[in-house]
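The block underneath contains the structure these notes are about, expressed in structure tokens.
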Amino acid sequence: MWKAVVTAAVAFVLLFCRSSTLDNGLARTPPMGWLAWERFRCNVDCVDDPYNCISEELFMQMADRLAEDGWKELGYNYLNIDDCWMSMDRDEQGNLYANKTRFPNGIKKLADYVHSKGLKLGIYLDFGTHTCGGYPGSIKYLQKDAETIAGWGIDMLKMDGCYANVSDMSWGYPDMEMYMNKTGRPILFSCSWPAYAGGIKVDYSVLAKHCNAWRNYDDIQDSWDSVTHIIDWFGDNQDVLAPVAGPGHWNDPDMLIVGDYSLSYEESKAQMAMWAILAAPLFMSNDLRSISPEARSILMNKEVIRISQDSLGMQGRRVIKGGEDKIEVWTRELDVTFLPSYGIAFLNRRADGEPYNYTLTLGDLKFQYMMGYAVEDVFTGHQYGHYDLYRELTVSIDPNGVVLLYAYPSK
Ligand code: GLA
């Protein structure tokens, strides 16, 4: 009987979430793909650096990699252009167009190419007077720009918020959503509004009505410090952030930098695991033409992706903050028929050179099922065995590393 009650309650909550949120049918699980910004920035020097500059060539090459190297099949299907793709001015009719030297065939042709590979193409606009890189902004052209990108066959829009008043965003982002809806083309809408409005000083229920995802906080940089800074912010503000995430509408802690210059192997696993626990969009920003086998194996780990893409869409939470031991424990509730299973991340914030043994019981994590859980390690596949709520579980976590477990109810 109680199983039926729990199932009905979950169904009610899901129904309620759906009816009050953006209904373009997109991003039912956190979107996945590739985004140019963190790795390739605003490199427009195609004369001296043709291999790395923001150009149609770069995006076609990344499309080839996504389609041919197994990424697409795992769900990484959005290829996203960021800033610095435009010409510095609009045409005589006020339309945006791509820089003609770097994108000689225009965005429509690029979209056709990307679609021919079974991928989707995302683009970048800015709500203000200019993009962050100084290119034309959309504030006076929302409808025109929505029609332009829909006409090109764009599938996702990241709308940034440089050079804009935050107070204008509360009409601007909803207007843009309306204009995109009017085009009839489903376009996944990523809004940078909260990042410009101080992170938590926005009404997230309004955001969830108009956006499929939103950048909450600082830009990620290529460093472990930056990754942990963002994780801390998400933990500190989880009571505001976690309840607003769900199918169709996600908090976005920014890009995955796995495969870039700075993160160690352990740190890379930690970012991937934490982004899965946070139900974050998984947009890699790296060079897929030369990515190392280690980085590839982390980003392609099917079990981690399964946690990321869980259909319940609950964002995980930091349940043990860690004191002197500097070990944090995060859990994410995962979908099952009547009892939740969990992803559990043990994040080691120590850098003292040796793996750290950490012990707890599942009861400490407030798990409920008296019969207990089967526990396995997501990265190694190691089966820990069966744990009731009182049996002590010990994990060994490498410095700046993570242990990611999957625990499911079992007798
Ligand atoms: C802002 C955004 C970044 C990127 C740049 C482009 O800083 O937060 O993600 O889009 O602008 O200029």
Side-chain angles (χ1 to χ4, degrees), residues 30-45 52-55 58-59 62 78-88 96 98-99 102-103 107 121-139 145 149 154 156-166 168-169 172-173 176 187-202 207 211-223 225-227 229-231 233-234 241 250-260 262 271 275 278 280-287:
M32 298 172 66
W34 186 90
L35 176 59
W37 180 255
E38 196 286 326
R39 175 62 182 79
F40 292 93
R41 303 285 166 161
C42 192
N43 180 352
V44 292
D45 185 1
N52 296 303
C53 66
I54 300 301
S55 66
L58 179 74
F59 290 100
M62 291 306 164
Y78 282 93
L79 175 76
N80 290 357
I81 304 170
D82 207 273
D83 204 350
C84 308
W85 62 270
M86 297 172 197
S87 170
M88 272 301 183
L96 286 174
N99 175 286
R102 293 180 285 114
F103 294 84
I107 303 295
L121 185 65
I123 208 162
Y124 169 101
L125 298 174
D126 187 288
F127 169 61
T129 56
H130 296 87
T131 74
C132 300
Y135 292 80
S138 296
I139 189 152
D145 292 354
I149 63 171
I154 289 293
M156 170 169 172
L157 171 65
K158 168 175 169 181
M159 181 162 252
D160 212 345
C162 271
Y163 303 105
N165 293 323
V166 171
D168 288 332
M169 293 181 181
Y173 280 93
M176 191 61 181
I187 299 178
L188 195 158
F189 192 23
S190 164
C191 305
S192 299
W193 177 5
Y196 290 86
I200 52 166
K201 294 189 211 118
V202 280
L207 267 155
C211 309
N212 294 112
W214 44 80
R215 275 284 312 288
N216 306 75
Y217 190 53
D218 289 354
D219 287 11
I220 200 158
Q221 311 293 341
D222 194 358
S223 77
D225 268 1
S226 172
V227 171
H229 177 71
I230 291 171
I231 291 172
W233 189 84
F234 270 73
L241 304 176
W250 310 100
N251 293 298
D252 180 3
D254 213 0
M255 292 156 269
L256 289 166
I257 57 165
V258 176
D260 290 325
S262 77
Q271 194 198 12
W275 263 231
L278 288 169
L282 299 181
F283 289 115
M284 308 177 280
S285 192
N286 50 19
D287 192 341

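Computed from a predicted structure; not experimentally measured. Each ligand, and each atom within it, is numbered from 1 in the order the structure gives. Sequential numbering from 1 along the given sequence is applied to the chain's residues. Note that these values count all heavy atoms, side chains included, but never hydrogens, waters or copies made by symmetry.
In this structure, atom 7 (O) of ligand 1 lies nearest to the protein heavy atom D219 OD2, 2.6 Å. For atom 5 (C) of ligand 1, the nearest protein heavy atom (residue, atom name, distance) is W37 CE2, 3.6 Å.
Under a 3.5 Å cut-off, the side chain of N286 and the backbone N or O of I257 do not form any donor-acceptor pair. With hydrogens and angles ignored, the 3.5 Å screen pairs no side-chain donor or acceptor of D260 with any backbone N or O of D222.
Heavy-atom proximity to K158, at under 4.0 Å, picks out these atoms of ligand 1: 3 (C), 4 (C), 9 (O), 10 (O). Against a heavy-atom cut-off of under 4.0 Å, C132 is close to the following atoms of ligand 1: 1 (C), 11 (O), 12 (O). The ligand atoms of ligand 1 that sit less than 4.0 angstrom from a heavy atom of Y124 are 6 (C), 10 (O), 11 (O), 12 (O).
Each of I123, L35, L125 was checked for a side chain to side chain contact (heavy atoms under 4.5 Å, CB included) with K158, and the lone residue meeting it is L35. Under the side chain to side chain contact (heavy atoms under 4.5 Å, CB included) rule, I154 has a single partner from N80, L188, L121, which is L121. Checking F103, F40, W85 one by one against F59, the side chain to side chain contact (heavy atoms under 4.5 Å, CB included) holds for a single residue, F103.
Ligand 1 has a nitrogen or oxygen under 3.5 angstrom from a nitrogen or oxygen of D82. Some N or O of D83 is nearer than 3.5 Å to an N or O of ligand 1, by distance alone. By the 3.5 Å distance cut-off applied to N or O atoms, D254 is not counted among the residues near ligand 1.
In D160, the part holding a heavy atom less than 4.0 Å from any atom of ligand 1 is the side chain. At a heavy-atom cutoff of 4.0 Å, ligand 1 is contacted by the side chain of R215 but not by its backbone.
Considering CG of D83 and CG of D126, their distance stands at 7.5 Å, rounded to 0.5 Å.
Aromatic ring orientation, Y217 versus W233: parallel (interplanar angle below 30°, classes split at 30° and 60°).
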